[in-house]
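Data first, discussion second: the structure below is written as structure tokens.
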Amino acid sequence: MNNQKPQKPTLSGQRFKTRKRDEKERFDPTQFQDCIIQGLTETGTDLEAVAKFLDASGAKLDYRRYAETLFDILVAGGMLAPGGTLADDMTRTNVCVFAAQEDLETMQAFAQVFNKLIRRYKYLEKGFEDEVKKLLLFLKGFTESERNKLAMLTGILLANGTLNASILNSLYNENLVKEGVSAAFAVKLFKSWINEKDINAVAVSLRKVNMDNRLMELFPANKQSVEHFSKYFTEAGLKELSEYVRNQQSIGARKELQKELQEQMSRGDPFKDIILYVKEEMKKNNISEQTVVAIIWSSVMSTVEWNKKEELVAEQAIKHLKQYSPLLAAFTTQGQSELTLLLKIQEYCYDNIHFMKAFQKIVVLFYKAEVLSEEPILKWYKDAHLAKGKSVFLEQMKKFVEWLKNAEEESESEAEEGD
């Protein structure tokens with residue numbers, strides 16, 4: 001009996017190790033470039049026709065693979081070699097940003113071409129950002145006119161959201177900064193950006209990418225001062241940018257001052273040392289006495305864990321503030337500073353409900369300690385108070401204000417009798 005199973009039939013013939021669809025197409029940017037340049041030559045300088053050609057070509061050409069080549073052509077007229085130069089033997093086109101007129105209107109028209117292209121082919125967004133970062137690093141390889149056009153275009157694209165402000169990181173390249181290329185480029189860029197939007201919109205975009213405090217890095221280390229930045233950009237016609245940077249610097253200095261103050265207080269440093277430090281910071285960062293007294297008040301009030309019982313917190317506050325009166329008195333040498341402090345006390349007592357009944361006691365304490373004087377208190381009472389808790393605080397202060405007025409009248413009549 002034969003138990004052997006019959007053999008299954010087999011297919012014979014040649015077996016291929018790779019299939020046609022698995023073979024990678026050779027990377028050939030030159031052929032891609034020729035197709036794009038030929039199309040651009042046919043459209044001429046009509047940018048509406050250019051946009052239509054690019055829209056249609058995306059269905060036939062591999063934009064995803066040749067994104068860098070595509071953007072090189074649209075900006076510079078051909079593929080760029082490292083450093084930003086066009087190869088002599090390469091085909092080029094004049095239908096590009098660098099060959100266009102150097103004016104804002106023309107750059108706005110080119111911005112529309114990029115907008116339409118990237119809206120149509122969303123996958124080009126990342127490639128375009130990478131391209132702009134690269135172009136910014138190549139700035140030294142371009143002519144002044146080419147840099148100006150690129151700066152205007154970049155500003156417009158930042159304004160309409162096609163580009164993210166993080167691309168500006170490329171401008172902090174050491175060589176570009178050292179040779180003044182970054183600062184000059186930034187002037188044109190911010191002018192076109194602010195022209196499209198305004199300084200507030202620019203500030204929001206910069207803040208999103210933590211670039212709002214880095215603009216001074218457009219200059220070498222020995223020129224990174226508010227004064228130099230302000231002079232340079234104001235003379236270039238960008239006063240609003242200068243004021244923005246000055247304000248940012250001031251905010252940073254105020255935050256640093258408050259942080260250091262709180263540390264000095266928690267260490268129990270002598271008041272004379274704290275006062276000396278604060279006065280040096282005021283001078284160095286051009287901080288007003290009104291700003292400083294508000295910072296000191298905030299710092300003094302944040303160093304304590306306050307009692308939650310209303311009947312006990314007033315006593316705790318008076319004891320604490322009496323200790324810090326000499327520090328506050330050193331920075332209320334002007335009537336406006338005293339008024340600022342009064343408003344800060346009012347605001348604090350209103351925002352912290354346990355302090356509502358402590359307002360008058362704090363003001364009287366500061367009057368006796370010569371932190372506050374009659375005139376600012378009377379002015380506050382008459383018309384300079386805030387709306388917050390107004391009726392409660394004015395009622396609290398009524399008797400003390402009457403006493404102040406009587407004391408003032410008595411001193412005036414005594415002075416007249418003396419005469």
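Any value given below was found using the heavy atoms of this structure, including those in side chains, with hydrogens, waters and symmetry copies removed.
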Under 3.5 Å donor-acceptor pairs involving side-chain atoms of residues 377-385, not counting sequence neighbours:
from, atom 1, to, atom 2, distance (Å)
Trp380, NE1, Gln346, OE1, 3.0
His385, ND1, Trp380, O, 2.8
His385, ND1, Tyr381, O, 3.3

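- Ring planes of Phe400 and Tyr367: perpendicular class, angle over 60° (limits at 30 and 60°).
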Give the table of side-chain donor-acceptor pairs shorter than 3.5 Å for residues 251-261, with sequence neighbours excluded, one pair per line with atom names and distance.
from, atom 1, to, atom 2, distance (Å)
Arg254, NH1, Ser250, OG, 2.7
Gln258, NE2, Ser298, OG, 2.9
Glu260, OE2, Gln264, NE2, 3.3

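- Here side chain to side chain donor-acceptor pair (under 3.5 Å) pairs that include residues 205-227, with residues two or more places apart or in two chains, are Asn169-Arg214, Asp212-Gln248, Asn213-Gln248, Arg214-Glu217.
- For the pair Lys344 and Glu347, the salt-bridge criterion is met [side-chain N within less than 4.0 Å of a carboxylate O].
- The side-chain hydrogen bond (donor to acceptor under 3.5 Å, both in side chains) check on Asn247 picks up nothing, with sequence neighbours excluded.
- Every salt bridge (Lys or Arg N to Asp or Glu O under 4.0 Å) that Lys284 has, sequence neighbours left out, goes to Glu281.
- Relative ring orientation between Phe142 and Phe138 is described as perpendicular, the plane-to-plane angle rising above 60° on a 0-90° scale split at 30° and 60°.
- When the ring pair (Phe, Tyr, Trp, His ring centres under 6.0 Å) test is applied to Phe53, no partner is found at least two apart in sequence or on another chain.
- Under the salt bridge (Lys or Arg N to Asp or Glu O under 4.0 Å) criterion, Asp34 pairs with no residue at all, not counting sequence neighbours.
- Lys309 pairs by the salt bridge (Lys or Arg N to Asp or Glu O under 4.0 Å) definition with nothing, not counting sequence neighbours.
- In this structure, Arg64 satisfies the cation-pi test against Tyr123, with its NZ or CZ atom closer than 6.0 Å to the six-membered ring centre and inside 45 degrees of the ring normal.
- The side chain to side chain contact (heavy atoms under 4.5 Å, CB included) test applied to Val177 returns Ser182, Pro220, not counting sequence neighbours.
- For the residue pair Pro29 and Met79, the shortest heavy atom distance occurs at CB-SD, 3.6 Å.
- Taking the six-membered ring where the residue is Trp, Tyr348 and Trp297 present perpendicular rings, their angle passing 60° and hence far from 30°.
- With sequence neighbours excluded, the residues forming a side chain to side chain contact (heavy atoms under 4.5 Å, CB included) with Lys116 are Glu48, Ala51, Gln112, Arg119, listed by chain and number.
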Open item on the list: Using salt bridge (charged side-chain N to carboxylate O under 4.0 Å, His left out), reason through Glu68 and Lys134 one step at a time and then give a plain yes or no.
Closed with: CA-CA 10 Å; Glu68 184 179 3; Lys134 179 191 79 174; 2.9 Å; yes
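- For the pair Gln108 (side chain) and Ile156 (backbone), a donor-acceptor distance under 3.5 Å is absent.
- In this structure, the salt bridge (Lys or Arg N to Asp or Glu O under 4.0 Å) partners of Asp269, at least two apart in sequence or on a different chain, are Arg267.
- Rounding to the nearest 0.5 Å gives a distance of 4.5 Å between CG of Asn115 and CG of Asn160.
- The environment of Glu315 atom CD is sparse: at most 12 non-hydrogen atoms of other residues, nucleotides or ligands sit within 6.0 angstrom.
- Evaluation of the side chain to side chain contact (heavy atoms under 4.5 Å, CB included) rule for Lys231 yields Glu235 as partners, not counting sequence neighbours.
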